[in-house]
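Data block below; observations after.
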Amino acid sequence: MTARGRLGRGVRRVVSALADPERTAVRGAVRAALVLPGLFAIGRYVVGDQSFATFAVFGGFALLIMTDFGGTSRERLRSYLLATVCGAVLVALGTLASGTAVAAAATMFVVAVVITLLAAVVGGHIGTARLGLLLAFVLSVTLPPATTQIPARVGGWVFAGVAATLAGLLVLPRGGPSVLNRAAVAACRAAADLVDALGRDTDRLGECRDVAARAVAVTRTRFSATANRTIGSRRRRRAYAELIGDLQLLVGVAGHPLYRPGRSRRGTGTEEGLVAAVSGTLRASAAALDTAGEPPEVRVLERERTAHRYAMERRVRELLARSTATGQIVDALAVDHTVRVLAYLAGAVAGNIGVTANRTSWRPGGPGHEEPGDRRARHRHVEWLAPSAATGSTALRNSLRTGVGLALSVWIAGRLGLPHAFWVVLGTLQVLRTSALGTARSVARAVAGNVVGVAVGSALIVVTADRPALLWALLPPAVFLAAYTSGSQRLLLSQAAFTVDLLIIFNLLAPVGWRLGLIRLVDVGIGVALSVALSLLLWPHGARRQLVRTAAAYQRAATGQLRHALDRALTGRTVDRRPTPSAGLRMRAELALGDYLSERPSAPLDPSSALALVVAANYLAMAANLLESAVVEFGQRTDGCADVAEPVRSARQALLDRLERLADRLAGRDADGSPAPPSSDRPGPEAAVQACLDRWRHDEAVAGPAMVLVFTAEWIRSADEVADDLVGRVDRATAAAERPWWR
């Protein structure tokens, strides 16, 4: 019964991995099965050139199976054509560099680093085309050097590229990222329900929070699984990423409001309209994403937010005139402050949905978003790429690991004079992962898949001996199987199907029989052995330790932004020295988080804790942005309350010290490791806020400083709660960073 249960679970895992609810995999598989055998047949019998036929069929593999562009028809057309041109250049370059083993290895290193780095940082269609472009160069640089064959090789690749372009646009074209869209639509609607529950103060708030949190988590999972293959351009991919981050923060704020749950829920009496506007914007955003319609007009939300700001100030004046207790006024302002934060986030959600639909729309920018001003586009691109190429970036480390691995494979295969050297290089490429443990797991699956593929392929070769027509008949279903399994997470199945394809194709090019399978096993074995050695030597921990260190740097930068905003709010002066921008560090942290989640982590740093490290820094950056906006809205004059603001300044210093201590612990620089005291152990700034409000009763000039002081105190308290939540997660993260790579 135990064995039967394990077999049942294994079958269910295979079925789940091969599930294709959107028919995306079956569309691509049918397209490849129809087109790729035709490319091979034309090259083999019509053109009659073996080099042309080889690059036509492998160009078909690269552009029809390894590459499946998403996005609009125009984006797919542009991407297929660019991939065809870039692949042709790489084919010519690889052929020229194949003269000596050293030149081939050196060129392989440069090409692999550049392509892998751009794929990780830019993502989108560049990430989708990465394997296909690497295959183009690997094939050309490992075949016997023959510069006279450049026209035939480039011609075969271009022929495959043109055919793949037409097939991608005309033969069962993909319908767009509907799985991800549906998840995002559900998350937006669940967030709207949560906001409605917050506005009505119903008992369903906890239930709605849990539903919305699960919906956002599902959306993030879908995004991680389909980001490169279905979204399209880098701009749209970034918009989806920011959309998920905005929803994550929105659910956090609505599920854990800035006001104290135990006190009066009643706000200033004006938040209901803004709650309705926030909920309506989220529902309109979901509808726009669901139907690919026009994005919601977020200027309406901004007008409501501005009107609420003036109504809130009028309401406070009324309460002061009625001699309402200042404590009740503070509670009321906390409720309205929560709704204003939700309005900001809802505007960011709507703006990002407008970007995903390729439509321009006003947007306040996502959390931590920093406008580049009037700098030239090329300068912005350099600033955007620089952090990802900095020392310690997971994108740079993965690129260097891939470059070194493929370069060594090319050099060793060249020195050994292996007849199918590119199999060695592909073996290295297919199993090399971000960590040593991940590489070891992929090696086991890849070797098992190749053994199965060799067994099945050799049996087919023996059965169809001296009958090539039967091999031609078997090629389309074999291509279909390879294409269908290439998009799944089952490396064993995809390797087996790809091996069967290779044995059929090479026996159609030059019949060598079933012994070709043994040659492939040897070549792949050399490649995977190199992968294991490199994974043990080059950053065996993978993204785990680097995620923790990068999250520490991002949190420190976000804390610097918050320090700048708090100083401006409490002093009324514009500080000349700007804090370190956090946008680049945020990108590095998100890249490291994506790499870490792709490793399928478990204890001690579970996925939710890893995500919380980045989300917390996003929250601090958002707090800094909104606090500076409040200073601009309500004025920077603090002289009216400067003499009573000392408790707020003390709370500000305690908060910043605590956040910096947490960042030091994440970075491994906290000497004693003692945590800062929790926020409940320190006196709060409420007394200073109430004193300033009392002064407002008799002096209208104190209105602006009082409102700024209220919001400053609220953000300090809210950031303190974020720090409370981070304590346990930081402990788990530091333990994970020091854990041996094999655990």
Side-chain angles (χ1 to χ4, degrees), residues 6-34 36-37 57-58 60-68 128 130-132 134-135 179 221 224-226 228-230 423 426-433 437-461 471 474-506 514 516-518 520-521 523-525 527-528 531-532 598-600:
R6 291 176 179 175
L7 179 61
R9 288 193 296 271
V11 171
R12 285 194 295 272
R13 284 196 297 268
V14 172
V15 172
S16 175
L18 295 177
D20 184 29
E22 299 300 316
R23 304 294 186 267
T24 302
V26 73
R27 286 170 183 261
V30 171
R31 190 162 55 238
L34 291 175
L36 197 145
V57 69
F58 281 100
F61 267 105
L63 298 175
L64 286 170
I65 296 179
M66 295 181 175
T67 304
D68 187 11
T128 303
R130 181 183 75 95
L131 288 177
L134 286 177
L135 174 63
V179 174
T221 302
S224 300
T226 64
N228 284 336
R229 297 184 64 85
T230 64
W423 284 353
L426 289 182
T428 302
L429 177 64
Q430 289 168 339
V431 302
L432 192 59
R433 296 294 183 266
L437 187 59
T439 299
R441 292 170 177 166
S442 62
V443 163
R445 300 187 187 103
V447 171
N450 276 279
V451 170
V452 172
V454 167
V456 174
S458 298
L460 294 177
I461 298 301
L471 278 183
L474 291 172
L475 183 58
V479 170
F480 177 89
L481 184 60
Y484 188 86
T485 57
S486 66
S488 71
Q489 300 298 317
R490 309 307 297 180
L491 182 61
L492 188 152
L493 297 177
S494 62
Q495 282 291 294
F498 184 61
T499 300
V500 172
D501 277 354
L502 289 180
L503 293 181
I504 292 176
I505 289 171
F506 276 94
W514 62 271
L516 183 64
L518 299 180
R520 172 162 174 78
L521 287 179
D523 291 344
V524 170
V528 299
S531 295
V532 172
S598 69
E599 296 175 1
R600 300 181 182 181

If you take all heavy atoms of [X] and [Y], which pair is closest and at what distance?
| X | Y | answer |
| --- | --- | --- |
| Gly427 | Ser531 | O-OG, 4.2 Å |
| Ala33 | Pro476 | CB-O, 3.6 Å |
| Leu36 | Gly60 | CD1-C, 3.6 Å |
| Ala32 | Ala483 | CB-CB, 4.0 Å |
| Ala29 | Tyr484 | CB-N, 3.8 Å |

For [X], side chain to side chain contact (heavy atoms under 4.5 Å, CB included) partners two or more places apart:
| X | value |
| --- | --- |
| Ala62 | Leu135, Trp157 |
| Val452 | Val456, Ala496 |
| Val524 | Asn450, Arg520, Val528 |
| Ile504 | Leu471, Leu474, Leu475, Ala478, Val500, Leu508 |

* Asked: In chain order, what residues pass the side chain to side chain donor-acceptor pair (under 3.5 Å) check against Arg130, with sequence neighbours excluded?
  ->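 Once residues adjacent in sequence are excluded, Arg130 has no partner under the side chain to side chain donor-acceptor pair (under 3.5 Å) criterion.
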
* Do Leu502 and Phe58 come within less than 4.5 Å of each other through their side chains, counting heavy atoms only? ->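 In short, these two side chains touch, coming nearer than 4.5 Å.
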
* **Val479 side chain reached by Ile65 side chain, heavy atoms, under 4.5 Å** =>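 Yes, side chains in contact.
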
* Please round to the nearest 0.5 Å and tell me the distance separating atom CG of Leu131 and atom OG1 of Thr67. =>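 Leu131 CG to Thr67 OG1: 7.5 Å, rounded to 0.5 Å.
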
* Asked: What distance do Thr485 atom OG1 and Phe480 atom CZ have between them, rounded to the nearest 0.5 Å?
  ->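 Spacing of OG1 (Thr485) from CZ (Phe480) equals 10.0 Å.
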
* Asked: Can you tell me if Thr499 uses its side chain to pair, donor with acceptor, with the backbone of Gly453 under 3.5 Å?
  ->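 Not confirmed, Thr499 side chain does not pair with Gly453 backbone.
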
* Phe498 vs Phe61 aromatic rings, parallel, tilted or perpendicular, using cut-offs 30° and 60°? ->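 It falls in the perpendicular class, over 60°.
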
